[in-house]
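This report concerns only the one structure given below.
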There are 2 protein chains.
Amino acid sequence: MAFKNPLFTVDSVLFTVHNNTLKVLLVQRAEAPFLGQWALPGGFVDVDQDANTDATAHRKLRDKTGFTPQYLEQLQVISGAQRDPRGYSVTLAYYALVAHQNVSPKIASVALAQWIAVQDLPQYTLAFDHAHIIALAQARLQQKTLYSMIPAFCLPERFTIAQLQQVIETIIEKPIQRKSLMRRLEASDMFAALDEKTSSGGRLAQLYSIKAGADLVNFERNLMAKDE
Amino acid sequence: MAFKNPLFTVDSVLFTVHNNTLKVLLVQRAEAPFLGQWALPGGFVDVDQDANTDATAHRKLRDKTGFTPQYLEQLQVISGAQRDPRGYSVTLAYYALVAHQNVSPKIASVALAQWIAVQDLPQYTLAFDHAHIIALAQARLQQKTLYSMIPAFCLPERFTIAQLQQVIETIIEKPIQRKSLMRRLEASDMFAALDEKTSSGGRLAQLYSIKAGADLVNFERNLMAKDE
DNA sequence: AGAATAGTGTCTGTTAGACATTATTAA
DNA sequence: TTAATAATGTCTAACAGACACTATTCT
């Protein structure tokens, strides 16, 4: 076979929500090209270690955060001759979600990894076309938030409806009706109401958790069909 | 970098609808492994010819059909050590749509390519995990048919609502309401009513075509939310 | 006229949006 | 008691499903 095999890498856009801000995990590149610049965590498939590319994405994230994300899904492949100075490259991008407090301590200990607010990204120069990949991932996350409970994977194990609402509103950058959220939470059958409530300044709030082994439910309609 | 680069290939699941049957284009493999068996059209990226992997998919389909599909979209990456006897492999699968009469004559002249009804696939032994990839593509096509006009890309340039309805019902394997389809056709603004009608046994039917440069519209709800 | 197919009118069902009302807690 | 937050009740809006009805064409 006379074909030059293009470079194949796996990169992940790991999101979290903290302080009503959507953040993405970036690492400082330790080698050329783009040495020292911020980039998505990722790298080459290790054919001896990784059962498949999902395993590659998980392994690379674990190396940087010490943790496995609560949600991980393929985004898309980006490819071309110009996007990597080393030559023609093919990158499989994933996007992932994690609760902020799950990884926060670990991150702090790795000086080369850092959460950066998506809204601040214009102030950074990212390696490769990683800014573009993050934009694709954000758009996909926003879209999926309209028809699923995917934002629940940004929350700690026990959480309130108000917390879920906050995370959703942070992701889609629009307010939603609490009532609509409660209806969906009920209908999805993904969550269990715990025998516990939590104090929040007024009436105690019911705590929920994701049922063990619950699949992500897709609703038949989107929230917020209207533009504002 | 000490990593063995895995094999990277691009394969496409090209669908069409003919005689109320969903069909997929398969080609007979001309080389080992799986020599002579039916497989998806695809192959290696040619870094000198292909601007990106989309171009690879297009080129491979053009080689087999002489035509460019009306619609082409990434499906997902499938990877692992066991799926190709030559070793660890990574395949980017696309799915694509074309109007049957656009490629039919060309196919006939290429003995190595053939349309096979999806419902007949259990009778065939496909190369690699291509049967699995086709199943993934079919599921995605069905899902997307519920919230977009994607089936329009299986139709000739000028078509009637009845034809569109037939194609949709073939893809999702369920009947839909003609009225609902008309409402969506109107709302989507993707189609132009031509100054022409066509005879079909009764009242003449309005002909439509996809507006030049029209983007595929996504609706806010799915059709057929109910299971039957 | 009658059969066949195209297109419309309109009522129902479901679920999201809006927002008022009630419930519960801490200070 | 008051402020704050949680939860519910309920009306409206949008749009898909159902299906009757009208329109147009051919034989």
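Computation of the quantities below employed the complete heavy-atom set of this structure, encompassing side-chain atoms and omitting hydrogens, waters and symmetry-equivalent molecules. Quick caveat, the model's predicted, so the values are computed rather than measured. Letters go in sequence order (proteins before strands), and every chain restarts at 1.
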When you get a sec, tell me which of [options] is the closest nucleotide to the side chain of [X]?
| X | options | value |
| --- | --- | --- |
| B/Lys179 | C/dT15, D/dA23, C/dT10 | C/dT10 |
| B/Ser180 | C/dA23, C/dC19, D/dA16 | D/dA16 |
| B/Met182 | C/dG7, D/dT8, C/dA23 | C/dG7 |
| B/Ala162 | C/dA6, C/dA23, C/dG9 | C/dA6 |
| B/Arg221 | D/dC15, D/dG17, C/dG7 | D/dC15 |
| B/Ala205 | C/dA6, D/dA16, D/dT5 | C/dA6 |
| A/Gln206 | C/dT10, D/dA7, D/dA16 | D/dA7 |
| A/Met224 | C/dG17, C/dT14, D/dT24 | C/dG17 |

Sidechain-backbone polar pair: B/Gln142 side chain, B/Ile171 backbone, donor-acceptor under 3.5 Å: yes
Does A/Ser188 use its side chain to pair, donor to acceptor, with the backbone of A/Leu185 at less than 3.5 Å? yes
Just to confirm, is there a sub-4.0 Å distance from OP1 or OP2 of D/dA7 to any side-chain nitrogen or oxygen of A/Arg178? yes
So, is A/Gln177 close to the C/dA18 phosphate, meaning a side-chain N or O under 4.0 Å from OP1 or OP2? yes
Starting from [atom2] on [N], measure out to [atom1] on [X] and report it in whole angstrom.
| X | N | atom1 | atom2 | value |
| --- | --- | --- | --- | --- |
| A/Ile176 | C/dC19 | CD1 | P | 16 Å |
| B/Leu204 | C/dA6 | CG | P | 10 Å |
| B/Leu181 | C/dT8 | CG | P | 13 Å |

Please tell me which of B/Arg183 and B/Thr160 maps to the more 5' nucleotide of DNA chain C, matching each residue to the nucleotide holding its nearest heavy atom. B/Thr160
When A/Arg184 and A/Ser199 are each assigned the nearest nucleotide of DNA chain C, the 5'-most assignment goes to A/Arg184
Does a salt bridge link A/Glu196 with A/Arg158, judged by any charged N lying under 4.0 Å from a carboxylate O? yes
Aromatic ring proximity, centroids under 6.0 angstrom, B/Phe8 and A/Phe8: yes
Between the CD1 atom in A/Ile78 and the CG atom in A/Leu92, the distance rounded to the nearest 0.5 Å is 8.0 Å
